[in-house]
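Remarks on the structure that follows.
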Amino acid sequence: MSELRRGLDAEGLERYSRHLFLEGVGESGQAALRDASVLVVGAGGLGAPVVQYLAAAGVGTLAVADHDAVERSNLQRQVIHGESDIGRPKVESAREFVAELNPDVAFEAHETQLAPENARSLVSNYDFVVDAADNFPTRYLINDACELEGVPRSFGAVHRFEGQVATFVPDGPCYRCVFPEAPPPGAAPDCATAGVLGVLPGTVGCLQATEAMKWILEAGELLTEELLVYDALGPAFERVSIERNPDCPVCHGEMETLDASDYEGDCRVSRATRQS
């Protein structure tokens, strides 16, 4: 009998049976999931399905970083929160959801806003990061902290009826290679201003969770050199090739520290950071 099977009780064998019988996952894959640690930044529309499916799959350590509380307007798409959670920290609502769904999972709550002062120490504690943020400064901060710490991550974003997904790994293109700077104010309004189709974050979040599991399982082809664009109204998927930008200051070692000025305005890397 394998080490994994010895470590699983009857309930565990039943819970993960569809993985254990699945070629490409099996006992070794389930053991890899059990031993993995994933940080999800954001417990909103994108983070909710990521948390739901990674917990269900048996990822051993699942962490969530979020500083917001649940609002009624969240419930149209943030499926791990309910009416009784309104006003509560999202990380606590997520903790209770995971505990009810899968008690095998060790949940770590970080009720904090990601900032240059804490980003590197936070992401370095985990094998993989899922960027489920809803704003540009946090996306750039996650990218830069993960690049400096050598941590792979999945990026996702939604806007009205369209979503984007990509996975960034060391030695590959990074978020700044694809988007060197944030769009000007008003060019890409957030969900609170522009609205979003309720099911869209579920689709994009599930794709991000899939990328995380593929990385853990070392299975399939990751979206490391492509940006996957999803049009919900089509419906249609478009794969856009991406490459490392030879002028990217993060990929090419010009950034050594995280400076708050790099996450203001257009989020370009400042001259001070390049020289540091």
Side-chain angles (χ1 to χ4, degrees), residues 37-47 50-51 61-69 89-91 94 108-158 164 166-192 208 212 242 244-245 247-276:
S37 61
V38 177
L39 170 66
V40 183
V41 181
L46 293 173
V50 174
V51 168
T61 301
L62 188 57
V64 174
D66 196 301
H67 67 289
D68 286 336
K90 288 184 180 179
V91 292
E108 297 178 359
H110 301 282
E111 189 181 352
T112 184
Q113 183 171 8
L114 213 65
E117 296 77 22
N118 64 14
R120 292 185 67 175
S121 61
L122 189 57
V123 303
S124 65
N125 288 324
Y126 300 96
D127 300 324
F128 193 91
V129 172
V130 178
D131 174 1
D134 62 358
N135 63 85
F136 288 102
T138 304
R139 290 172 188 149
Y140 284 102
L141 180 58
I142 293 170
N143 177 79
D144 299 347
C146 286
E147 280 292 311
L148 292 175
E149 295 297 326
V151 181
R153 64 275 182 203
S154 173
F155 152 75
V158 293
Q164 300 175 342
T167 296
F168 302 118
V169 298
D171 300 323
C174 80
Y175 182 75
R176 285 191 183 273
C177 292
V178 186
F179 305 104
E181 62 183 83
D190 60 19
C191 294
Q208 289 184 273
I242 58 177
R244 292 191 85 181
N245 182 350
D247 296 322
C248 176
V250 182
C251 288
H252 294 278
E254 294 181 43
M255 174 181 278
E256 297 179 355
T257 60
L258 302 178
D259 189 280
S261 64
D262 296 331
Y263 310 101
E264 300 171 351
D266 62 9
C267 295
R268 274 188 175 273
V269 176
S270 65
R271 183 177 299 275
T273 300
R274 288 175 181 265
Q275 294 173 344
S276 65

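When a residue number appears, it is its place in the shown sequence, counting from 1.
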Mind checking side-chain hydrogen bond (donor to acceptor under 3.5 Å, both in side chains) for Glu264 and listing every partner two or more places apart, or none if nothing turns up?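 Not a single residue meets the side-chain hydrogen bond (donor to acceptor under 3.5 Å, both in side chains) criterion with Glu264.
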
Taking atom [atom1] of [X] and atom [atom2] of [Y], what is their separation to the nearest 0.5 Å?
X	Y	atom1	atom2	result
Cys174	Phe155	SG	CZ	12.0 Å
Ser154	Ile142	OG	CD1	10.5 Å
Ser37	Leu62	OG	CG	10.0 Å

Asp262 (side chain) donor-acceptor with Leu258 (main chain) under 3.5 angstrom: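 Such a contact is absent between Asp262 side chain and Leu258 backbone.
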
Is it true that a side-chain atom of Asn118 and a backbone atom of Gln113 form a donor plus acceptor pair closer than 3.5 Å?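 Yes, because the side chain of Asn118 sits within donor-acceptor range (under 3.5 Å) of the backbone of Gln113.
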
For residues [X] and [Y], report the shortest heavy-atom separation together with the two atoms involved.
X	Y	result
Glu147	Val169	OE2-O, 4.2 Å
Ala69	Lys90	O-CE, 3.7 Å
Phe179	Tyr140	O-OH, 2.8 Å
Pro180	Val178	CD-O, 3.5 Å
Leu46	Ala132	CB-CB, 3.7 Å
Val151	Ser124	CG2-CA, 4.4 Å

With sequence neighbours left out, write down each residue that passes side chain to side chain contact (heavy atoms under 4.5 Å, CB included) with [X], or none if nothing qualifies.
X	answer
Asn135	Pro137, Thr138
Ala63	Leu39, Glu108, His110, Tyr126
Ala94	Ile80, Phe107
Ala260	Pro116

List for me each residue that meets salt bridge (charged side-chain N to carboxylate O under 4.0 Å, His left out) alongside [X], sequence neighbours excluded, and say none if there are none.
X	result
Glu111	none
Arg139	none
Asp66	none

Show your working on side-chain contact (heavy atoms from CB on, under 4.5 Å) between Val38 and Thr61 and close with a plain yes or no. CA-CA 6 Å; Val38 177; Thr61 301; over 6 Å; no

Show your working on side-chain contact (heavy atoms from CB on, under 4.5 Å) between Glu256 and Leu148 and close with a plain yes or no. CA-CA 7 Å; Glu256 297 179 355; Leu148 292 175; 5.6 Å; no

With side chains defined as the heavy atoms from C-beta onward, is the minimum distance between Ile242 and Phe168 less than 4.5 Å?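 The answer is yes, as the side chains (C-beta and beyond) meet within the 4.5 Å cut-off.
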
Could you name each residue pair satisfying salt bridge (charged side-chain N to carboxylate O under 4.0 Å, His left out) that touches residues 120-132, not counting sequence neighbours?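 Residue pairs passing salt bridge (charged side-chain N to carboxylate O under 4.0 Å, His left out), neighbours aside: Arg120-Glu149.
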
Please test His67 against Thr112 for side-chain contact (heavy atoms from CB on, under 4.5 Å), starting from the C-alpha separation and ending with a verdict. CA-CA 5 Å; His67 67 289; Thr112 184; 5.7 Å; no

Got a sec, which pairs hit side chain to side chain donor-acceptor pair (under 3.5 Å) with one end in residues 170-187, sequence neighbours left out?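 As it turns out, the side chain to side chain donor-acceptor pair (under 3.5 Å) pairs with a partner in residues 170-187, which skip direct neighbours, are Asp144-Arg176, Glu181-Arg268.
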
